[in-house]
Amino acid sequence: MIGDFEVFPAGPGDGGVVGEIHAESWRAAYAEFFSPEFFAQAVERRRGRWHRVLAEGEQTVLLAASEGRPLAYSAFAPSATRPGAAEILGFYAHPDGWGGGAASALMAGSLQRIRQDGFGRVHLWTLRGTPRSRRFYTKCGFAESGAGRSHDYGDGNPIEQVEYELALD
């Protein structure tokens with residue numbers, strides 16, 4: 001328990017709930033970045049991909065729930081570009097949970113688990129044009145690394161991302 005939230009590992013049977021959180025958070029936050037046709041397909045891909053991801057087991061996925069209802073998830077793995085660091089590959093809260101503390105509880109639980117897994121640093125990428133996300137990561141102790149990249153979500157129109165990092169030592 002972290003505050004009023006239970007933070008726990010997602011299992012193979014949680015693909016539907018993780019997909020729902022991912023899809024609905026995308027629907028609420030990212031529509032302005034994509035054409036309507038591509039966006040509708042992207043939301044549905046996010047809804048359906050988590051059964052496979054959880055079955056593969058290559059990422060650690062945690063859920064934060066209130067009164068038994070999962071409201072946020074994080075997914076992380078060893079960084080492909082930074083030896084000894086973890087990378088948060090996804091961090092999303094269902095819009096029903098925005099402002100209620102689920103994301104803060106999940107970040108605390110995620111960082112605790114990342115430390116337990118032996119990582120001394122963690123980094124993540126977020127869209128440059130999402131000030132709410134960027135404020136949240138800063139509030140959680142992350143700092144911009146100064147790195148940026150263009151990321152194509154599959155529509156042929158790369159979007160700028162910025163990197164955030166945190167030392168866990």
Side-chain angles (χ1 to χ4, degrees), residues 2 5-30 33 41-66 69-98 100-128 130 132-134 136-142 145 147 149 151-154 159 161-168:
I2 298 176
F5 296 91
E6 180 184 5
V7 177
F8 57 94
D14 292 318
V17 73
V18 175
E20 176 72 11
I21 293 167
H22 197 179
E24 291 307 311
S25 63
W26 251 67
R27 184 183 315 279
Y30 296 143
F33 296 101
Q41 294 170 357
V43 167
E44 289 312 306
R45 277 194 305 277
R46 277 147 185 80
R47 189 179 310 283
R49 71 181 281 233
W50 287 97
H51 293 288
R52 177 186 51 77
V53 172
L54 291 170
E56 289 172 353
E58 294 177 9
Q59 301 175 21
T60 300
V61 180
L62 299 180
L63 289 163
S66 175
R69 180 181 178 202
L71 291 169
Y73 85 87
S74 66
F76 51 90
S79 174
T81 59
R82 295 187 177 194
E87 181 173 354
I88 296 176
L89 303 167
F91 194 94
Y92 293 94
H94 193 286
D96 290 350
W98 288 0
S104 294
L106 180 61
M107 183 59 80
S110 297
L111 295 177
Q112 180 181 23
R113 174 64 185 268
I114 290 167
R115 278 187 203 95
Q116 288 173 348
D117 288 351
F119 296 101
R121 300 188 65 76
V122 60
H123 71 112
L124 60 89
W125 294 90
T126 193
L127 296 180
R128 183 175 300 281
T130 54
R132 175 183 274 167
S133 297
R134 296 177 69 190
F136 173 75
Y137 294 129
T138 300
K139 179 180 157 188
C140 292
F142 285 81
S145 71
R149 69 180 183 188
H151 183 74
D152 185 345
Y153 284 86
I159 299 174
Q161 294 182 320
V162 292
E163 182 185 46
Y164 282 76
E165 61 185 354
L166 176 66
L168 300 173

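If you're wondering where the values come from, they're calculated on a predicted model, not measured in any experiment.
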Any non-hydrogen side-chain atom of Arg69 less than 4.5 Å from a side-chain atom of Asp96? yes

Is the Phe91-Phe136 ring centre distance short of 6.0 angstrom? yes

Over all heavy atoms of both residues, which pair between Val61 and Ala75 is shortest? Give the atoms and the distance, please. CG2-CB, 4.0 Å

In terms of the angle between their ring planes, are Phe142 and Tyr137 parallel, tilted or perpendicular, with boundaries placed at 30° and 60°? perpendicular

Find the distance between OG1 (Thr60) and CG (Leu89) and round it off to the nearest 0.5 Å. 9.5 Å

For Ala77 and Glu58, work out which heavy atoms get closest and say how close. CB-O, 3.8 Å

From Arg128 atom CZ to Ile159 atom CD1, the distance as rounded to the nearest 0.5 Å: 12.5 Å

Under the rule for side chain to side chain contact (heavy atoms under 4.5 Å, CB included), what residues qualify as partners of Arg47, not counting sequence neighbours? Glu20, Ala23, Glu24, Arg27, Val43, Glu44

Would a distance-only check, ignoring hydrogens and angles, find a side-chain to backbone donor-acceptor pair under 3.5 Å from Arg49 to Gly19? no

His94 and Ile21, any side-chain heavy atoms less than 4.5 Å apart: yes

Answer yes or no: is there a side-chain heavy-atom contact under 4.5 Å between Thr130 and Phe33? yes

NZ (Lys139) and CE (Met107) are apart, to the nearest 0.5 Å, by 11.0 Å

Closest heavy-atom pair and its distance - Val7, Ala105: CG2-O, 3.7 Å

Of the non-hydrogen atoms in Glu87 and Ala80, which two are nearest, and what is the gap between them? OE1-N, 4.3 Å

Considering only heavy atoms from C-beta outward, does the side chain of Trp98 approach that of Arg132 to under 4.5 Å? yes

Contact summary for Gly100 and Phe5, nearest pair of heavy atoms: O-CZ, 3.3 Å

Flag side-chain contact, heavy atom, 4.5 Å: Arg149 against Trp125: yes

Of the non-hydrogen atoms in Tyr92 and Ser25, which two are nearest, and what is the gap between them? CD2-OG, 3.2 Å

Close side-chain approach of Leu71 to Leu106, heavy-atom, < 4.5 Å: no

Where at least one partner belongs to residues 70-81, residue pairs that pass side-chain hydrogen bond (donor to acceptor under 3.5 Å, both in side chains), sequence neighbours excluded: His22-Tyr73, Ser74-Ser110, Ser79-Thr81, Ser79-His123

With the side chain counted from C-beta on, respond yes when Leu62 and Phe76 share a heavy-atom pair under 4.5 Å apart, and no when they do not. yes

In the structure I gave you, are the side-chain heavy atoms of Thr138 and Arg134 within less than 4.5 Å of one another anywhere? no

Quick one: do Glu165 and Arg121 make a salt bridge, cutoff under 4.0 Å? yes

